2 protein chains.
Amino acid sequence: MKHSLVRDTIVETASNLFYQKGYNLTGINEIIREAGVAKATLYSHFKSKEDLCLAYLEFKNTTFLKEIKSFTSKAPKGKKQVLALFDFLKSFFKDKDFNGCWCINTISEIPKDNEKIRKEIKKEKYQLITFIEELVASNFPKLTKKKIPTLAKKIYLLYESAIAESHLHQDPWAIDSAKELCDLILPK
Amino acid sequence: MKHSLVRDTIVETASNLFYQKGYNLTGINEIIREAGVAKATLYSHFKSKEDLCLAYLEFKNTTFLKEIKSFTSKAPKGKKQVLALFDFLKSFFKDKDFNGCWCINTISEIPKDNEKIRKEIKKEKYQLITFIEELVASNFPKLTKKKIPTLAKKIYLLYESAIAESHLHQDPWAIDSAKELCDLILPK
DNA sequence: ATTAATGAACAGACAGGTCTGTCTTTATTT
DNA sequence: AAATAAAGACAGACCTGTCTGTTCATTAAT
């Protein structure tokens with residue numbers, strides 16, 4: 001198999017396992033078995049399990065941002081396009097592999113002083129906030145520049161609680177509730 | 001030491017360690033060392049680490065509910081008393097031992113099919129929702145009975161994202177933002 | 001064109017450490 | 001004297017990461 005393809009296979013396999021079972025409960029041996037790859041091969045691509053964790057976070061984030069951008073762009077312009085954030089989440093929730101937010105899950109699993117991973121996670125969340133700002137700005141052009149970041153942060157909070165709580169309660173009520181609340185705070 | 005006191009010591013020590021370092025990264029040996037207790041003693045009180053985890057969740061929850069009820073009851077009646085939820089969270093955030101929500105952290109660490117722990121966590125969250133309902137009902141007596149649960153759930157979502165996001169970003173902006181949003185949705 | 005060399009991946013043993021949970025032995029307390 | 005707890009050895013499983021040696025495909029050199 002080609003060098004870069006092997007890497008991709010490892011990242012995808014590890015991502016699925018990390019996301020489903022958690023980082024600490026997934027062993028390297030399980031990853032290589034599943035990926036059909038030798039241990040030395042894995043360690044030639046990643047110098048440690050932590051390195052693989054970073055690749056996992058990046059992979060998930062890239063895929064996620066692409067999907068959510070594509071999904072919302074298909075919704076009608078205006079309020080509905082912003083609210084589509086929650087429709088996206090709902091379809092994500094319905095997926096049999098849904099297991100909440102990988103960032104939150106990972107933060108709970110790593111030692112407090114692991115700055116590398118924490119930094120990556122914060123970066124990813126800021127990318128989401130930035131996307132929401134763009135979404136709000138493009139759908140509410142009358143909104144003053146100053147108000148956009150504040151509003152986007154609030155929508156972000158609603159999004160985050162919707163994903164965490166639908167996961168915790170294994171029920172989508174949190175998504176509906178957050179969407180309602182979002183509807184309330186968007187300019188009419 | 002007295003039998004029940006030994007149990008309390010173990011639970012408190014385990015709770016601190018589980019909360020600070022995470023469930024999977026805290027070993028039984030570390031708990032007994034810290035608690036000054038023999039391993040056989042621990043296993044005479046708890047049949048497994050999972051059992052100890054349940055005791056940890058219960059302990060944290062009991063303490064937490066007591067404190068948040070006491071804190072909010074001291075705030076002036078009306079809107080302010082409900083908003084005091086977020087002031088409580090802020091002081092909690094400032095604590096050097098703050099490490100987010102133990103329920104969310106634990107959910108991320110255990111296998112998906114651990115129904116015992118999941119059930120306990122859901123129960124605890126419903127206790128929080130119930131408390132918020134009571135808080136809302138007693139501070140907004142004009143509110144119809146039907147509207148209370150819906151409103152309480154929304155406040156709950158704001159509370160949950162405030163705790164999770166202040167933890168993730170290691171910054172209290174999420175608490176302020178959630179409080180503002182809560183202020184907005186409370187009847188004037 | 002044939003051979004040699006290089007790079008990549010495979011297979012899996014191994015080291016050295018961790019984990020949970022059990023068990024025995026010794027000490028303390030009541 | 002009986003019960004309780006301490007101390008810690010131990011079993012057995014699992015973990016990450018290293019290392020040796022083999023296979024195979026592609027490239028370079030003759």
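Side chains are part of it too, since the values below use all heavy atoms of this structure and drop only hydrogens, waters and symmetry mates. In this text the structure is predicted, and so the values were computed from the model without any measurement. Letters A, B, ... mirror the listed sequences (proteins, then strands); counts begin at 1.
For an aromatic pair to be called close, the ring centres must be under 6.0 Å apart, and A:His169 with B:Tyr126 satisfies this. Checked against the 6.0 Å centroid criterion, the rings of B:Phe18 and B:Trp102 do not qualify as a close aromatic pair.
Taking side-chain N and O atoms only, A:His45 has no distance below 4.0 Å to OP1 or OP2 of C:dA8.
Counting to the nearest Å, the P atom of C:dA8 and the CD1 atom of A:Ile10 are 13 Å from each other. Separating the CD atom of B:Glu50 from the P atom of C:dC19 is a distance of 19 Å, rounded to the nearest angstrom. The CZ-P distance, from A:Arg7 to C:dA9, rounds to 12 Å in whole Å. Rounded to an integer number of Å, the gap from A:Arg33 CZ to C:dC10 P is 15 Å. Protein atom CZ of A:Phe46 is 18 Å distant from nucleotide atom C1' of D:dT18, rounded to whole Å. One interatomic measurement links the two molecules: CD1 of B:Ile32 to C1' of C:dT22, which rounds to 13 Å at whole-angstrom precision. If you measure from atom OH of B:Tyr23 to atom C1' of C:dC19, you get 11 Å, rounded to the nearest angstrom. If you measure from atom CG of A:Leu42 to atom P of D:dC19, you get 16 Å, rounded to the nearest angstrom.
Each of A:Glu30 and A:Lys47 has a nearest nucleotide on DNA chain D; the 5'-most of these lies closest to A:Glu30.
The hydrophobic clustering, which links ILVMFWY residues whose side-chain heavy atoms are closer than 4.5 Å, places A:Leu158 and A:Phe140 together.
Side-chain proximity of A:Ala40 to C:dA11, C:dA9, C:dC23: nearest is C:dA11. When distances run from any side-chain atom of A:Val6 to the nucleotides C:dA9, D:dC15, C:dC10, the shortest one goes to C:dA9. Among the nucleotides D:dA5, C:dC23, D:dT16, the one closest to the side chain of A:Asn29 is D:dT16. Picking from C:dT20, C:dA9, D:dA7 the nucleotide with the shortest atom distance to the side chain of B:Tyr43 gives C:dT20.
Contact of the A:Thr62 side chain with the A:Leu65 side chain is not registered, since no non-hydrogen atoms from C-beta on lie closer than 4.5 Å.
For a distance-only test at 3.5 Å, the side chain of A:Lys39 qualifies as a donor-acceptor partner of the base of D:dG17.
At least one test fails for B:Lys125 against the ring of B:Tyr156: distance under 6.0 Å to the centre or angle within 45° of the axis.
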